[in-house]
Amino acid sequence: MKLRITICLYRLLLILPAIVGVGCGDASAQSLNDCVLNRPYADMRRWHLGFSVGIHTQDITFSHNGLITAEGEEWYMEQPGFSPGFCVNGLVDMRLNSLMNLRLTPGLYFGNRDITMREYNTGAELRQNVKTTCIVLPVDLKFSGMRYRQSRPYITAGVMPAFNITRSQGDYLRTVPAELFLTAGFGCDFYLPYFKLVPEVKFCFGITDAVDHDRPDLEDEPDKLKITRSLRKALSRMVVFTFYFE
């Protein structure tokens, strides 16, 4: 009897390390793979395509030259509020390395700005709604962090030429046909089973004059031309919130 017990204990000692090893291996695997990764190789492709839809707000800051008209009027402009606009973009993404991508996102921006023009001495007010439909060609560098489970944060920096295709005649103010913006933004890649969903916030800062000072259409309307002549320059700004599908 003692001999049988000894043999059983001996056999148990022989197989115990194997049992423990298997158990530890399963525990390690579970801790390292507690979340099955969606699209694990999506970021390794050299090129990929996508599109986005979103909303944006347009702002404009005016610099005045202090012009006083022959009637003694001194006009100042401001944008008192914001109106949401709609935007849609395509996406062409090129992988540069494991943490950096070059992105081209051509698209259309539809928006408007309510401008208030106020005379300094009398307080008289004029108003104009400036509508814009812009073709944009943003080029951005995307700097991504390390992926954690199903998400990967990133920041962007770049430039964005914008071409306005809805310039009207006879208004107090008219925007130029083309502007240039510097852009900066942030977002996060969320890896879903069949695609990436990417919410992004981008800030756009205009660096070129947004107001058209050459107004031959107002030569016979000095009461309107005085508004443009009161401006030294104006710079556009935008905040854009988009959802990319990649």
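We use all heavy atoms of the structure for the numbers below, so side chains are in, but hydrogens, waters and symmetry mates are not. Owing to the predicted nature of the structure, the values given are computational and were not obtained by experimental measurement.
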Checklist entry - Do you know which two heavy atoms are closest between Cys188 and Ser151, and how far apart they sit? => result SG-CB, 3.8 Å

Checklist outcome for this item: In this structure, CG of Leu102 is separated from CG of Leu96 (nearest 0.5 Å) by 5.5 Å

Next on the checklist: Determine whether Val92 and Trp47 satisfy the following criterion, side-chain contact (heavy atoms from CB on, under 4.5 Å), listing intermediate values before the conclusion.
Outcome noted: CA-CA 7 Å; Val92 180; Trp47 297 89; 4.0 Å; yes

Item to check | Full working for side-chain contact (heavy atoms from CB on, under 4.5 Å) between Arg232 and His64 | outcome: CA-CA 5 Å; Arg232 183 166 59 89; His64 303 86; over 6 Å; no

Next on the checklist: Pairing donors with acceptors under 3.5 angstrom, does anything connect the side chains of Thr132 and Asn164?
Outcome noted: no

Item to check | Approximate separation, where rounding is to 0.5 Å, of Met160 CE and Ile207 CD1 | outcome: 11.0 Å

Next on the checklist: Testing the basics here: between Asn89 and Val136, what is the closest heavy-atom pair and its distance to 0.1 Å?
Outcome noted: ND2-CG2, 3.9 Å

Checklist entry - So do Phe181 and Pro138 actually touch side chain to side chain, heavy atoms under 4.5 Å? => result no

Checklist entry - Does the side chain of Tyr109 reach to within under 4.5 Å of the side chain of Thr133, using non-hydrogen atoms? => result no

Item to check | Cluster link Phe205 to Val239, ILVMFWY, side chain under 4.5 Å | outcome: yes

Checklist entry - Less than 4.5 Å apart, any side-chain heavy atom of Met238 and any of Lys202? => result no

Item to check | Pairwise distance SG(Cys204) to CG(Asp59) - rounded to 0.5 angstrom | outcome: 12.0 Å

Checklist entry - What is the ring orientation for Phe86 with Phe110, classed by angle as parallel under 30°, tilted 30 to 60°, or perpendicular over 60°? => result parallel

Checklist entry - Cluster partners of Met117, using ILVMFWY side-chain heavy atoms under 4.5 angstrom, listed by chain and number? => result Ile60, Phe62, Trp75, Met77, Ile115, Leu126, Val130, Tyr172, Leu173, Val211, Ile227, Leu231

Item to check | No-hydrogen, no-angle side-chain donor-acceptor test under 3.5 Å, Tyr244 and Asp93 | outcome: no

Item to check | Closest heavy-atom pair and its distance - Asn97, Arg95 | outcome: O-CG, 3.5 Å

Item to check | Asp171 side chain vs Arg174 backbone, donor-acceptor pair below 3.5 Å | outcome: no

Item to check | Smallest separation among heavy atoms of Asp217 and Gly170, with atom names | outcome: OD2-N, 3.0 Å

Next on the checklist: Looking at Tyr191, I'd like to know if the NZ or CZ of Arg152 sits under 6.0 Å from its six-membered ring centre while staying within 45 degrees of the ring's axis.
Outcome noted: no

Item to check | Phe241/His56 aromatic ring centres below 6.0 Å | outcome: no

Item to check | Reported CG-to-OG distance for the pair Asn65 and Ser230, which is rounded to 0.5 angstrom | outcome: 6.0 Å

Item to check | Option from Arg127, Glu125, Gln128, Glu78 for which side chain to side chain donor-acceptor pair (under 3.5 Å) with Thr116 holds | outcome: Arg127

Next on the checklist: Under a 4.0 Å threshold between the charged nitrogen and the carboxylate oxygen, would Asp189 count as salt-bridged to Lys142?
Outcome noted: yes

Item to check | Donor on one side chain, acceptor on other, Thr183 and Asp140, under 3.5 Å | outcome: yes

Checklist entry - Does some side-chain heavy atom of His48 sit less than 4.5 Å from a side-chain heavy atom of Asp43? => result no

Next on the checklist: Within the 4.5 Å heavy-atom criterion, are Met100 and Leu141 side-chain neighbours or not?
Outcome noted: yes

Checklist entry - So, does Glu221 use its side chain to make a donor-acceptor pair with the main chain of Lys224 at under 3.5 Å? => result no

Checklist entry - Is the closest side-chain donor-acceptor distance between Glu200 and Tyr154 under 3.5 Å? => result yes

Checklist entry - Is Tyr194 reachable from Leu91 through a run of hydrophobic residues whose side-chain heavy atoms are each under 4.5 Å from the next? => result no

Item to check | Side-chain donor-acceptor contact under 3.5 Å, Ser236 with Gln58 | outcome: no

Next on the checklist: Taking Leu37 as the starting point, is it possible to reach Tyr148 by hopping between hydrophobic residues whose side chains are less than 4.5 Å apart?
Outcome noted: no

Next on the checklist: For a quick test of reading the model, state the closest non-hydrogen atom pair linking Lys226 to Leu67 and the distance between them.
Outcome noted: O-CD2, 4.3 Å

Checklist entry - Would you find a donor on one side and an acceptor on the other, under 3.5 Å apart, between the side chain of Thr175 and the backbone of Ala210? => result no

Checklist entry - Quick one: are Leu137 and Val159 in side-chain contact, heavy atoms under 4.5 Å? => result no

Next on the checklist: Please verify the inter-ring angle class for Phe203 with Phe186; under 30° counts as parallel, over 60° as perpendicular, anything in between as tilted.
Outcome noted: tilted

Next on the checklist: Check for me, please, whether Leu235 and Phe82 land in the same ILVMFWY cluster - side-chain distances under 4.5 Å, paths through other members count.
Outcome noted: no

Next on the checklist: Donor-acceptor pair, distance only, cut-off 3.5 Å: does the side chain of Arg237 make one with the backbone of Gly206?
Outcome noted: no

Item to check | Trace of the side-chain contact (heavy atoms from CB on, under 4.5 Å) decision for Glu246 with Val198 | outcome: CA-CA 8 Å; Glu246 303 179 22; Val198 187; 3.7 Å; yes

Checklist entry - Does Leu225 belong to the same Ile/Leu/Val/Met/Phe/Trp/Tyr cluster as Val176, with side-chain heavy atoms less than 4.5 Å apart forming each link? => result no

Checklist entry - Does Ile135 reach the side chain of Ile165, with side-chain heavy atoms less than 4.5 Å apart? => result yes

Checklist entry - How many angstroms lie between atom CZ of Arg39 and atom CZ of Arg147, to the nearest 0.5 angstrom? => result 9.5 Å

Item to check | From Asn38 atom CG to Leu192 atom CG, the distance as rounded to the nearest 0.5 Å | outcome: 7.0 Å

Next on the checklist: Go through it in stages, so that I can follow the logic: the residues are Thr105 and Ser52, the test is side-chain contact (heavy atoms from CB on, under 4.5 Å), and I'd like the CA-CA distance, side-chain angles, deciding distance and then a yes or no.
Outcome noted: CA-CA 9 Å; Thr105 55; Ser52 73; over 6 Å; no

Item to check | Closest non-hydrogen atom pair between Gly145 and Leu99, with its separation | outcome: O-CD2, 4.2 Å

Next on the checklist: Can you tell me if Tyr120 has over 12 outside heavy atoms packed within less than 6.0 Å of its OH?
Outcome noted: no

Checklist entry - Should we say atom CG of Asp220 is surrounded by more than 12 heavy atoms from elsewhere, each under 6.0 Å from it? => result no

